[in-house]
Amino acid sequence: MTDATSRDGTRSGSTAQPVGGAKGPDELRQQIEQTRGELGDTVEELAGKADVKGRAKARAADLKDRAGAMTVQLRSSAAHAGHAVQDKAGRAAHTAQHKAGRAQDAAERHAPPGRARGAVRAGLGHPRAVLVAGAAAGVAVVAAGLVRRRHHGSC
């Protein structure tokens, strides 16, 4: 036995074929075909590993597919959230409308009679005028209070 042969009669580094070789031409052809197939597979595997551009394209296509799937999922989530917000906004608007109606009903029940009611409605149409009138009335009340104090304080 030499250094290149193992105990079971095969060569080291080979595909475990017996050292003695083929026992006939048919067996030799079969071994050659098997070796060619294995060699072809090995070459194909090495070529695939060496094809950096091809691997990069495959990776890019995979990432593009994943991004597309994620986009679909995000759009679905956004649509769901949008519907939820619309529902909440609709309920809030309904509640506000209901409360405004109740407040209007209460205001109408306690509204001043006759001309005062018309003045109140006119004031609601012109809030600045009402504000100025209210400020003037407040100044008049404060001035009257000061005059009264001086008058009673000097006695």
Where do Q73 and T71 land on the side-chain contact (heavy atoms from CB on, under 4.5 Å) test, with the steps shown first? CA-CA 5 Å; Q73 184 179 6; T71 300; over 6 Å; no
With the side chain counted from C-beta on, respond yes when [X] and [Y] share a heavy-atom pair under 4.5 Å apart, and no when they do not.
| X | Y | value |
| --- | --- | --- |
| E38 | Q34 | yes |
| Q30 | I32 | no |
| H80 | H83 | no |

Is the shortest distance from a Lys or Arg side-chain nitrogen in R29 or E33 to a carboxylate oxygen in the other one below 4.0 Å? no
What's the separation between atom NZ in K64 and atom CG in D62, rounded to the nearest 0.5 Å? 12.5 Å
Residue list, side chain to side chain donor-acceptor pair (under 3.5 Å) with D41, at least two apart or on another chain: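 Not a single residue meets the side chain to side chain donor-acceptor pair (under 3.5 Å) criterion with D41.
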The test is side-chain contact (heavy atoms from CB on, under 4.5 Å); show your working for R59 and R55 and say whether it passes. CA-CA 6 Å; R59 177 78 171 140; R55 288 187 3 221; over 6 Å; no
